[in-house]
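Quick note: residue numbers are just sequence positions, from 1. Both counts, for ligands and for their atoms, begin at 1 and track the order of listing.
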Amino acid sequence: MRDLVEYATRDGVGVITLNNPPVNALGAGVRQGVADLVERARADGGVQAIVLTGAGRCFCGGADIREFGQPPIPPSLPEVIDIIESCPKPVVAALHGVAYGGGFELPLGCHFRIAAPSARVALPEVTLGLIPGAGGTQRLPRLIGVEATVGVILSGKPVAATSALSMGIVDEIVDGDLVDAAIAFALACAEKEGPPIRVRDLEVAKPEPGFFEDERKKIARRARGLIAPRHCIESIENTTKLPFDEGLKKERALFLECRESEQSKGQRHIFFAEREAAKIPDVPRDTPALAIQSVAVIGCGTMGAGIAMCVADAGIPVRILETDADVLEKGLARITKSCEGSVKRGRLSEADKDACLGLIQGVTDIADIKDADIVIEAVFEDMDLKKEIFAKLDTVCRPGAILATNTSTLDVNEIAAVTNRAEQVIGTHFFSPANIMRLVEIVRGAETSAQTIATVMAMARRLKKVGVLVGTCDGFVGNRMYHHYTRQAHFLLEEGALPSQVDKVIYDFGFAMGPFAVGDVAGLDVSWRIRQRRAETRPADERYSPIADRLCEMGRFGQKTRAGWYAYEDGSRAPIADAVVEDVILGVSKELGFDRRAIDNDEIQERCLYTLINEGAKILDEGLALRSSDIDVIWIYGYGFPAHRGGPMFYADQVGLKTVYEALCRLAEVHGDLFVPSPLLERLALEAKGFKDL
Ligand code: T1G
């Protein structure tokens with residue numbers, strides 16, 4: 001039985017090594033092991049000092065998140081850290097790779113911290129709807145001050161070794177063997193007079209008056225309705241008001257409140273869902289992925305340019321093929337402008353900008369992309385055009401090259417069928433802006449090979465994207481569900497609601513924007529073209545709302561035309577309710593014979609969200625998504641579903657499928673078949689189960 005924590009003595013130093021792969025998470029066994037071994041070293045007369053380090057790729061990824069929600073097993077992490085901090089012999093933490101969350105709080109309880117150049121420390125608990133619960137909010141301010149601590153804890157972002165040294169988090173950066181250096185460092189500390197300094201005993205400097213109020217105002221906007229960021233500030237502020245032990249007790253209480261919250265359950269669900277999405281049952285982890293050393297993108301419009309940027313950002317050379325030299329020039333100029341904007345916003349260094357632009361080359365001759373390892377087509381959403389391009393690519397590109405399409409709705413099998421390499425054809429549905437949005441829906445065709453899937457999933461990770469594998473159907477998973485969600489929103493307008501009311505309900509639920517404001521950002525002409533294509537096959541008796549078409553016929557395409565569902569003043573993105581739109585809506589209501597009625601917010605939320613959930617259940621039933629948590633990941637990273645709600649399918653389980661089912665039945669009685677529960681949802685509801693039980 002492998003020890004979760006190992007012990008050895010070297011040169012009079014007790015070396016304690018966390019050994020719980022893959023990230024040395026601080027589960028119960030690890031906590032007990034560390035506590036026991038520190039006590040052992042403390043009692044060992046032959047030991048003058050202690051080194052705490054981690055085996056494998058990192059020091060420690062934090063508390064074991066899987067334990068949350070289970071009955072607590074002692075010792076708690078604060079108890080373990082107290083044993084370390086009160087040890088009269090110096091304890092030195094030796095950090096390499098990540099030291100995150102509890103994996104950073106443990107070293108903060110040590111008397112000294114040394115780091116390898118690879119080390120990165122972070123307190124990312126807020127991304128899990130938590131606050132640091134083992135002293136991070138009390139000890140870090142004593143090392144780096146409250147202002148810097150607020151920055152570290154509210155961003156959750158990692159601090160690299162060099163910055164950690166200059167901030168005073170680590171005492172030394174060492175090259176060469178880390179443990180050797182830590183032992184030497186520890187022995188030097190042991191020679192010093194008196195007990196080692198404890199971080200808890202250090203003073204906290206008071207910030208400028210009003211500092212915490214300003215921080216609260218900032219997060220009220222940025223983290224609207226979220227508990228954890230507010231509790232982080234409260235706990236850090238306590239360091240300026242309370243003695244250490246009282247601050248620590250309050251921190252723990254705030255942490256436990258967060259841990260039990262629905263918000264944290266939602267965010268923890270997404271943490272694991274994102275990692276589950278990478279596991280494809282019929283594509284084993286050891287499936288050999290092809291090396292991607294060069295990429296070609298077809299089309300230099302908004303999507304093509306965005307895709308090229310994130311490929312170059314990952315350090316991969318990319319050629320953009322555009323037959324029209326003017327369009328190419330404009331596209332390349334847009335890329336340069338966007339990179340310069342990132343430099344201005346401090347997201348990119350000047351050097352990184354130059355490196356990124358240096359990897360992007362525009363070409364107008366298809367022969368110039370024949371050697372690419374993968375070609376990503378990102379042209380206009382038209383089947384005939386895409387088929388023409390794929391037939392051409394099939395003859396020009398080298399045999400082993402993967403041909404990917406960025407279509408957001410079209411049938412990947414139909415596109416693959418015009419090539420002689422259907423097993424190397426796949427969908428890579430990026431989301432606009434492609435260099436920012438983290439989601440890529442990876443669409444497998446009927447013949448797409450395991451190697452092609454493995455290669456593209458690996459490429460997505462390299463592009464720092466979250467790749468989710470889905471089956472091919474009209475709109476795949478995300479857009480198919482979105483279609484039903486927006487359709488309900490349009491029907492609600494016909495029956496009595498207005499865009500601002502619907503958007504407010506969805507905004508209050510936690511989305512950054514409601515469907516109408518989103519439509520205006522994305523451009524109403526994009527979805528208009530899709531509706532026009534679908535009109536050819538739409539059943540005559542299917543309910544259809546003409547409101548959006550009317551606005552488009554008036555040339556109202558959203559922000560880009562300063563008018564869409566809302567009006568926009570020059571230079572402003574603030575939506576203004578527009579009487580012109582209201583007139584169109586009232587006109588259509590009258591035309592369709594609706595007596596407009598007052599619609600309450602609950603009905604709006606139910607109809608928009610339960611439609612979404614029901615369509616998600618149908619997609620699962622059809623096997624077009626591997627698991628319900630994949631659908632949650634798609635909606636969080638592609639459609640701005642609030643992470644603290646865990647995604648539509650997780651939210652449905654939290655509400656209870658029986659409640660969702662009964663509401664859908666009620667809505668179906670009034671509004672017809674669109675709300676008839678999917679067989680899967682019905683079965684799970686009647687069996688008192690959830691999507692998580694699938
Ligand atoms: N607990 C449990 N499992 C974890 C884990 C954790 N903290 N971290 C990672 N895993 C699993 C993960 O699910 C995956 O499993 C495998 O390890 C590899 O992870 C008291 C309350 C450390 C940067 O927020 O950010 O401490 O899918 O694929 O890309 O204040 O994992 O293979 O079965 O992500 O190399 C705070 C969470 C916890 C950091 C490594 N810590 N982890 O990234 O590998 S709360 C965090 C990460 C806390 C205290 C509080 C990353 C990583 P599987 P991976 P990676």
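Within a 4.0 Å radius of atom 29 (O) of ligand 1, the protein contributes no non-hydrogen atoms. Of the protein's heavy atoms, none falls inside 4.0 Å of atom 52 (C) of ligand 1. There is a protein heavy atom closer than 4.0 angstrom to atom 7 (N) of ligand 1. Protein heavy atoms are absent from the space less than 4.0 angstrom from atom 11 (C) of ligand 1.
In this structure, Pro207 and Thr240 have side chains that are in contact, with non-hydrogen atoms separated by less than 4.5 Å. At least one side-chain heavy atom of Phe59 sits less than 4.5 Å from a side-chain heavy atom of Leu18.
In this model, a donor atom of one side chain and an acceptor atom of the other lie less than 3.5 Å apart for Glu441 and His429. Glu125 and Tyr100 share no donor-acceptor pair across their side chains, judged by distance under 3.5 Å alone. Defined by atom type and a distance below 3.5 Å, a donor-acceptor pair is missing between the side-chain atoms of Thr455 and Thr452.
Ranked by closest heavy atom to atom 41 (N) of ligand 1, the top entry among Gly101, Gly62, Gly61 is Gly61. Here atom 38 (C) of ligand 1 lies nearest to Ile65 when heavy atoms of Leu77, Ile65, Leu106, Val23 are compared. The closest non-hydrogen atom to atom 31 (O) of ligand 1, taken over Arg275, Glu125, Arg252, comes from Arg275.
Of the protein's non-hydrogen atoms, the one nearest atom 2 (C) of ligand 1 is Asp64 OD1, 3.2 Å.
Remark: distances from the non-hydrogen atoms of Arg285 to ligand 1 include one below 4.0 Å. Ligand 1 is approached by Arg57 to a heavy-atom distance shorter than 4.0 Å. Ligand 1 is never approached by Arg259 to a heavy-atom distance shorter than 4.0 Å. The closest approach between a heavy atom of Pro132 and any atom of ligand 1 is below 4.0 Å.
Among the atoms of Gly133, some N or O lies under 3.5 angstrom from an N or O of ligand 1.
The side-chain hydrogen bond (donor to acceptor under 3.5 Å, both in side chains) pairs that include a residue from residues 127-137 are Thr137-Ser235, Thr137-Glu251, where partners are two or more places apart or lie in different chains.
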Could you walk me through whether Asn238 and Glu234 pass the side chain to side chain donor-acceptor pair (under 3.5 Å) check? CA-CA 6 Å; Asn238 284 340; Glu234 180 182 339; 4.8 Å; no

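Each of the atoms 24 (O), 46 (C) of ligand 1 lies under 4.0 Å from some heavy atom of Pro124. The atoms of ligand 1 that sit less than 4.0 Å from any heavy atom of Glu105 are 20 (C), 30 (O), 49 (C).
None of Trp635, Phe476, Tyr639, Tyr637 except one satisfies the ring-ring contact (aromatic ring centres under 6.0 Å, His included) rule with Phe431; the exception is Tyr639.
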